[in-house]
There are 2 protein chains.
Amino acid sequence: MTIAAPTGSSRDLPHPPRAEIRLEAVLHALSDPLRLQVVRELAADGDELSCSHFDLPVTKSTTTHHFRVLREAGVIRQIYRGTAKMNGLRRDDLDGLFPGLLDSVLAAAARQAVRLGSR
Amino acid sequence: MTIAAPTGSSRDLPHPPRAEIRLEAVLHALSDPLRLQVVRELAADGDELSCSHFDLPVTKSTTTHHFRVLREAGVIRQIYRGTAKMNGLRRDDLDGLFPGLLDSVLAAAARQAVRLGSR
DNA sequence: CTACTCGTACGATAGACATCGTAGTACGGC
DNA sequence: GCCGTACTACGATGTCTATCGTACGAGTAG
C-alpha cells in the first residue's frame, strides 16, 4: 500500500489518496480510447510497465498528458525507477472503493473489441 | 426492442441501435455529475420519468442538452407522450452489450454518495 | 382560436481538453 | 565531466463541452 521506492528515487509524483478518488473522474479518465487501451494493457500485464512500453499513435507530450490524467484520477500509480517511469494499476484502491467496477469496464472493453473485430 | 409509441406520437427521436453503442461514449456520458444523477434516479425508479420530474440546478436548455447526450450515447430511451417526454434507461441493451457494467457503476455511485455524506 | 405548458433549436461564450513542438531536467553509462 | 535516454514543462492551437438566453414548435385545456 505504501508507494515507497526501494531503489532510492527522490522524485515523487502526486497521487490522490484513496479517499479522494472520485467516480466521475475515473469514468472520465476511462472514457478516452487511448487511456482505456493503456488501462487494458496494464490490467492484462498485471505488473508495472514503463511509459515507453506503450506504442501510442501520439507524441510523447500527449502520452505524458494521458498518463497524468490517469494518475490524477487515481486509476494508476506512477513511480520513477531510475530513468524510467513505471506505471501500475491501483487495483486495490479501485476495488476497495468501487467493487467490481474495474472488472466490468475491462470486460466491457474486451467484449467491444471482439464485437468490433479489432482483435 | 422497437421504440414504437402506442399513444400515437409522431415525433420520433433518433436513437443509436444497440450495435452502435460505444463503451467510451457511455463512460463519457456517465462521467458528468448531473447526468450520473439522472441515470441514478432513472435506475431507482425503474420506469419512465418525464424530463420535468428532475430538478436539476441548470436551465432547461442545459437539461435538454444533457438528456440528448445520454440518448445519443445509448444510455436512455426517450419518447414523446403528449406534451411530456418520457425517459427510460436502456437496461436491456446495456446489459446485453456490457453485462454488469451499469450495475457496477450504479453501485459505485451509491457507495460514493454514502461515503461523501450526501446520501 | 387563444393561452399556457413542455421541451427544442440556435447563437453566444467561457472553460476544458487533446494535440503538437520545443526546450529543459533527471538519471545512468562512457 | 559529457552524452544519450526518458520523460516533463510550457506555450500554442483547434475542437469539444457546459452553460445560458431568447425565440420557436407541438400538444392540451379553456
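Proteins get letters first, then strands, A, B, ... in listed order; numbering begins at 1 in each.
Considering only heavy atoms from C-beta on, B:Ile21 comes within 4.5 Å of B:Phe98 through its side chain.
In plain terms, the two heavy atoms of A:Leu106 and A:Ala43 that are nearest each other are CD1-CB, 3.5 Å.
The distance between atom OH of A:Tyr80 and atom P of D:dC7, rounded to the nearest whole Å, is 9 Å. At whole-Å resolution of the value, CG in A:Asn87 and C1' in D:dA6 are 12 Å apart. Spacing between atom NZ of B:Lys60 and atom C1' of C:dC6 amounts to 5 Å, rounded to whole angstrom units. In this structure, A:Ile79 places its CD1 atom 13 Å from P of D:dC7, rounding to the nearest Å.
Shown are A:Arg35, A:Arg71, A:Gln37; of these, the side chain to side chain donor-acceptor pair (under 3.5 Å) with A:His66 is made only by A:Arg35. With B:Ile76 as reference, B:Leu42 is the one residue of B:Leu42, B:Val69, B:Leu94, B:Leu49 to meet the side-chain contact (heavy atoms from CB on, under 4.5 Å) rule.
Qualifying salt bridge (Lys or Arg N to Asp or Glu O under 4.0 Å) partners for B:Asp95, counting only residues two or more places apart in sequence or in other chains: B:Arg91. Residues passing the ring-ring contact (aromatic ring centres under 6.0 Å, His included) test with B:Phe67, sequence neighbours excluded: B:Phe54. Residues satisfying the salt bridge (Lys or Arg N to Asp or Glu O under 4.0 Å) test with A:Glu24, not counting sequence neighbours, are A:Arg22.
Within residues 61-74 of chain B, the residues that place at least one heavy atom under 4.0 Å from DNA chain D are, in residue-number order, B:Ser61, B:Thr62, B:His65, B:His66. Shown for residues 50-59 of chain B: residues whose heavy atoms fall under 4.0 angstrom of DNA chain C, namely B:Cys51, B:Ser52. The stretch residues 22-37 of chain B has no heavy atom under 4.0 angstrom from DNA chain C at all.
With 3.5 Å as the limit, one finds a donor-acceptor pair spanning the side chains of B:Thr59 and B:Thr62.
Atoms SG and CD, on A:Cys51 and A:Gln78 in that order, are 5.5 Å from each other to the nearest 0.5 Å.
In summary, A:Arg77 and A:Asp93 engage in a salt bridge, as defined by a charged side-chain N under 4.0 Å from a carboxylate O.
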